[in-house]
Novice: 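The structure follows.
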Amino acid sequence: MTTTNLAPRRLGSLLVEKGYLTPEALDAALERQRQAGRSKLLGEMLVEEGLCTEEQIAECLAEVYGVPFARLDQRMFDLKAVDLLPRQYIEQNLVLPLFAVRGVLTVAVSEPANLFLIDEIRNLSGMQVEIVAATAKDIRRMITSLPNSKVFVIDDIIEDSGGTDVTLIEESIEDIGDVAEIAGQSPVIRLVNYIIFNAVKEGASDIHIEPAERCMRVRYRVDGRLHKALEVPLHLLGAVTSRIKIMASLDISERRLPQDGRVNVLMEGRRIDLRVSIFPTTHGEKTVIRVLDTRSISLNLEDLGFAEDILETFRRHIFAPNGIILVTGPTGSGKSTTLYAALSAVSSMENNVCTVEDPIEYHLPLINQFQVQSKIGLTFAKALRTLLRQDPDVIMVGEIRDEETARTAIQAALTGHLVFSTLHTNDACSAITRLINMGIEPYLIGASLNLVLAQRLVRRICTNCKQSYEPNRTIRKALERMGYDFAEFYRGTGCRACRNTGYRGRIGVHELLVVSDELRDAIVSNPTIGNIRQIALRDGMITLAHDGMRKVREGITTVEEVFQIVGDITTR
């Protein structure tokens, strides 16, 4: 619930007058708000601290601003009135048109003091606007009940289920009709919502719901590693899978073919995208859900773990007038996040920044983002060619997968555009040979390529249980062969904060290849990867191993994590 700073004392007085708050509690809350520099609104503070309910704050705010307060239910709004505003606007701004009478649209809002929002509604609907105050929770619940709503509210699951105590259905499921019916019943809905809620709460990037021999197993990928989260009876698999299919608008009757879909959920008032992939296995369908939580990522280059020398060079090149910048690495290595951060750095009102992606993972301000539609023939290459007629300054191609896309990107770079893209290679030098193997002429690569950044993600040592230790002799000898000599080594001993893993969070490790004039000349002669690497090292290329070991020396990660990405040389 959001208030304004205009009348905190009046709001507080009303809360006291109605018996919702004691005078002492109000004075203490106002003092805490004053010490915080009014960065937090009084109503928000009282709800977060459990001193008042959201409904009590909304009721008093309505009285402060002279508008009615409404407890919403299904009978209170007209679907024709809802259609007066774009569905996406309703979902993003938590507003609900209730009814329209004689040119006046009545709208439920959670922010009665937000005059800008009211003006936007007036402009979008073309009608005069009257508002009623309601809780954000009620508005979200009503939005999910709208026909064809693509947003599901999952906050209520925690209250309804009493934490982790989720009631499950024990009946066996015989046919498609039973699955569809069971999937719509409350216990299965609560179970699916709980799985999603818990995954977001733990910071998971993926949810795996899979059939085991005697149970349905749920695993979360946290910090790049899978761990078991839940096991429930196997006969619930069909109902859980069908519920997810219903949410993602997939075919619940199709169990033989893979299916892909997308779901938007609201959790604690913020929007989270879920990418759903369902694949049939011998024991039943396996579901993998990619969790895209914009709050969990940073789009500042400074926050991505770049060493100072790598960041300075990379930042200098992303402001170049033309050329190609490639980010390489395996799936899940953070390539897209790095490109989004680079685009955020270069975007401005003076630049036309455009992207071609499949899929669009995060929506960015001041950037024009286009979705590839392979089913209707809108491939990367075709979309990129069309995009060149949109007068772009900077272009991001989600991935170079084939010769046609690579050739179009290179032509764009040679005609005065700066092009960002990703490539699946193990290191920076391999990007050059990969483009040659795709069929691109070496002289075109040499003329257009500016920089290649290879990256991996390693786990950070948990700061709560971090301590120094003495590694075994094998590791010390391996490091000596690599030319490293560390005075101290650190690791996490395991604690509740890191789920006893010793690690919490991840950080990037990078390899930076700047294409020098010597390397451009060498590329033209179709060199081997060994020749490219020799020249790059002479030019000062920072390797993955070197950057990883710097982070070991600084106590950010462990030797074992770096060996995971450069190879365990203790066995060589």
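Keep in mind that the numbers below use all heavy atoms, side chains included, and drop hydrogens, waters and symmetry copies.
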Novice: So do Val458 and Gln564 actually touch side chain to side chain, heavy atoms under 4.5 Å?
Specialist: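 They are not in side-chain contact.
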Novice: Go through the steps to decide whether Asp206 and Ile289 satisfy the test side-chain contact (heavy atoms from CB on, under 4.5 Å), and finish with yes or no.
Specialist: CA-CA 5 Å; Asp206 299 272; Ile289 302 174; over 6 Å; no
Novice: Taking Asn300 for its side chain and Asp303 for its backbone only, find out whether a donor-acceptor pair lies under 3.5 Å.
Specialist: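 Checking the backbone N and O of Asp303 against the side chain of Asn300, no donor-acceptor pair under 3.5 Å is found.
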Novice: Taking NZ, NE, NH1 and NH2 as the nitrogens, is one of them in Arg122 or Glu120 under 4.0 Å from a carboxylate oxygen of the other?
Specialist: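 Answer for the salt bridge query: no.
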Novice: Measuring from Leu423:CG to Lys335:NZ, what's the distance to the nearest 0.5 Å?
Specialist: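 If I round to the nearest 0.5 Å, the distance is 9.0 Å.
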Novice: So, taking the atom named CG in Leu61 and the one named CD in Glu111, what distance separates them when rounded to the nearest 0.5 Å?
Specialist: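 Spacing of CG (Leu61) from CD (Glu111) equals 10.0 Å.
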Novice: Give, for atom SG of Cys60 and atom CG of Leu46, the distance between the pair rounded to the nearest 0.5 Å.
Specialist: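 Between Cys60 SG and Leu46 CG, I get 10.0 Å after rounding to 0.5 Å.
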Novice: Determine, stepwise, if the pair Gln455 / Thr338 fulfils side chain to side chain donor-acceptor pair (under 3.5 Å).
Specialist: CA-CA 9 Å; Gln455 72 176 54; Thr338 297; 2.7 Å; yes
Novice: Do you know which two heavy atoms are closest between Ser347 and Val353, and how far apart they sit?
Specialist: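 Here Ser347 and Val353 meet closest at CA-CG2, 4.0 Å.
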Novice: Please check if the number of heavy atoms outside Lys466 that lie under 6.0 Å from its NZ is greater than 12.
Specialist: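 Count over threshold, so yes.
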Novice: Given 3.5 Å as the limit, does a donor-acceptor pair link the side chain of Glu285 with the main chain of Thr241, or not?
Specialist: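 Not at all, since once roles are kept as given, no pair shorter than 3.5 Å links the two residues.
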Novice: If you take all heavy atoms of Val129 and Ile118, which pair is closest and at what distance?
Specialist: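 For Val129 and Ile118, the tightest heavy-atom pair comes out as CG1-CG2, 4.2 Å.
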Novice: Kindly compute the distance separating CE (Met396) from OH (Tyr340), expressed to the nearest 0.5 Å.
Specialist: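 Rounded to the nearest 0.5 Å, the CE-OH separation comes out at 5.0 Å.
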Novice: How about Arg506: does its CZ atom have over 12 heavy atoms from other parts shown lying under 6.0 Å from it?
Specialist: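 Yes.
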Novice: Salt-bridged, Asp223 to Arg459, with N to O below 4.0 Å?
Specialist: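 Arg459 and Asp223: not salt-bridged.
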Novice: Salt bridge or not between Asp273 and Arg262? Use side-chain N to carboxylate O under 4.0 Å.
Specialist: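 Yes, Asp273 and Arg262 are salt-bridged.
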Novice: Taking atom OH of Tyr89 as the centre, does the number of heavy atoms from other residues, nucleotides or ligands within less than 6.0 Å exceed 12?
Specialist: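 Enclosed.
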Novice: Let's go through His227 and Arg221 carefully: what are the C-alpha distance in whole Å and the side-chain angles of both, what is the deciding distance for side-chain contact (heavy atoms from CB on, under 4.5 Å) to 0.1 Å, and is it a yes or a no?
Specialist: CA-CA 6 Å; His227 71 89; Arg221 186 177 294 278; over 6 Å; no
Novice: Looking only at heavy atoms, which two atoms of Ala406 and Ile400 are closest? And how far apart?
Specialist: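 That would be CB-CG2, 3.6 Å.
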Novice: Under the side-chain contact (heavy atoms from CB on, under 4.5 Å) criterion, do Leu98 and Val107 qualify, and how do the steps go?
Specialist: CA-CA 5 Å; Leu98 299 178; Val107 183; over 6 Å; no
Novice: Please determine whether a side-chain nitrogen of the Lys or Arg among Glu560 and Arg491 lies less than 4.0 Å from a carboxylate oxygen of the Asp or Glu.
Specialist: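 Judged by the 4.0 Å cut-off on N to carboxylate O distance, Glu560 and Arg491 do not form a salt bridge.
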Novice: Just by distance, no angles: are the side chains of Ser205 and Tyr220 close enough, under 3.5 Å, to form a donor-acceptor pair?
Specialist: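 Tyr220 and Ser205 do not have a side-chain donor-acceptor pair below 3.5 Å.
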Novice: Taking the basic N atoms (NZ, or NE/NH1/NH2) and the acidic carboxylate oxygens, is any pair closer than 4.0 Å for Lys18 and Glu63?
Specialist: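 Looking at Glu63 together with Lys18, the answer is yes, because their closest N to O distance falls below 4.0 Å.
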Novice: Answer yes or no: is there an ion pair linking Asp83 with Lys80, defined by an N-O contact shorter than 4.0 Å?
Specialist: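 Judged by the 4.0 Å cut-off on N to carboxylate O distance, Asp83 and Lys80 do not form a salt bridge.
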Novice: Tell me, do Glu59 and Arg71 make a side-chain contact under 4.5 Å, heavy atoms counted?
Specialist: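 Yes, at least one pair of side-chain atoms sits under 4.5 Å.
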Novice: Under the 3.5 angstrom rule, does the side chain of Arg214 hit a backbone N or O of Leu234 as a donor-acceptor pair?
Specialist: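 No, Arg214 side chain to Leu234 backbone: no donor-acceptor pair under 3.5 Å.
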Novice: Between Thr281 and Glu210, do the side chains contain a donor N or O and an acceptor N or O under 3.5 Å apart?
Specialist: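 No donor-acceptor contact under 3.5 Å links the two side chains.
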Novice: Ignoring hydrogens and angles, tell me if any N or O in the side chain of Ser242 forms a donor-acceptor pair with the backbone of Gly238 under 3.5 Å.
Specialist: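 Flag set: sc Ser242 to bb Gly238 pair under 3.5 Å.
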Novice: Do Met127 and Thr106 come close enough that some side-chain heavy atom pair is under 4.5 Å?
Specialist: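 Side-chain contact under 4.5 Å: no.
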Novice: Answer yes when Glu561 and Arg225 have at least one side-chain N-carboxylate O distance shorter than 4.0 Å, and no when they do not.
Specialist: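 The answer is yes: the pair qualifies as a salt bridge.
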Novice: Would Glu357 and Thr355 satisfy side chain to side chain donor-acceptor pair (under 3.5 Å), going step by step from the backbone distance to the final call?
Specialist: CA-CA 6 Å; Glu357 304 173 62; Thr355 73; 2.6 Å; yes
Novice: Can you tell me if Gln371 and Asp358 form a side-chain donor-acceptor pair at under 3.5 Å?
Specialist: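 Side-chain D/A pair, Gln371 to Asp358: present.
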Novice: How far apart are the closest heavy atoms of Ile207 and Ile196, and which atoms are they?
Specialist: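 Nearest heavy atoms, Ile207 then Ile196: CD1-CA, 4.2 Å.
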Novice: Mind checking whether Val276 and Asp260 have side chains closer than 4.5 Å, heavy atoms only?
Specialist: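 Not touching, per the 4.5 Å side-chain cut-off.
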Novice: Any side-chain heavy-atom pair from Thr557 and Arg460 closer than 4.5 angstrom?
Specialist: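 Counting from C-beta outward, Thr557 and Arg460 never come under 4.5 Å.
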Novice: Supply the atom-to-atom distance Leu236 CG to Cys215 SG, rounded to the nearest 0.5 angstrom.
Specialist: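 Going from the CG atom of Leu236 to the SG atom of Cys215 covers 11.0 Å.
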Novice: Identify the two heavy atoms, one from Pro97 and one from Leu85, that lie closest to each other, and give their separation to 0.1 Å.
Specialist: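 Distance-wise, the nearest heavy atoms are CG-CD1, 3.6 Å.
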Novice: Under 6.0 Å from the CD atom of Glu130, do we count more than 12 heavy atoms belonging to anything else shown?
Specialist: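 Open.
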Novice: Does the side chain of Thr425 come within less than 4.5 Å of Leu326's, by heavy atoms?
Specialist: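 Not touching, per the 4.5 Å side-chain cut-off.
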Novice: By the side-chain hydrogen bond (donor to acceptor under 3.5 Å, both in side chains) test, which pairs, at least two apart or in different chains, include something from residues 493-502?
Specialist: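 The answer is none; no pair qualifies.
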Novice: Hey, is the main chain of Ala134 close enough, under 3.5 Å, to the side chain of Asp138 for a donor-acceptor pair?
Specialist: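 Not a single qualifying donor-acceptor pair exists.
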Novice: Any chance you could lay out the side-chain contact (heavy atoms from CB on, under 4.5 Å) test for Leu364 and Gln369, step after step, and finish with the verdict?
Specialist: CA-CA 8 Å; Leu364 305 175; Gln369 296 172 268; 4.1 Å; yes
Novice: Would you find a donor on one side and an acceptor on the other, under 3.5 Å apart, between the side chain of Asn198 and the backbone of Tyr194?
Specialist: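 Looks like no, no N/O pair under 3.5 Å.
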Novice: Shortest non-hydrogen contact from Val509 to Gly548?
Specialist: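 Looking at all heavy atoms of both residues, the closest pair is CG1-N, 3.6 Å.
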Novice: Nearest 0.5 Å, what's the CD1-SG distance between Ile57 and Cys52?
Specialist: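 Those atoms lie 4.5 Å apart.
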Novice: Any heavy-atom pair between the side chains of Gln259 and Asp251 that's under 4.5 Å?
Specialist: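 With C-beta onward as the side chain, the pair touches.
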Novice: I would like to know whether Thr558 and Tyr503 meet side chain to side chain donor-acceptor pair (under 3.5 Å); could you show each step before the answer?
Specialist: CA-CA 9 Å; Thr558 63; Tyr503 299 96; 2.8 Å; yes
Novice: May I ask you to test the Phe380-Val397 pair for a side-chain heavy-atom distance under 4.5 Å?
Specialist: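 SC-SC contact between Phe380 and Val397 confirmed.
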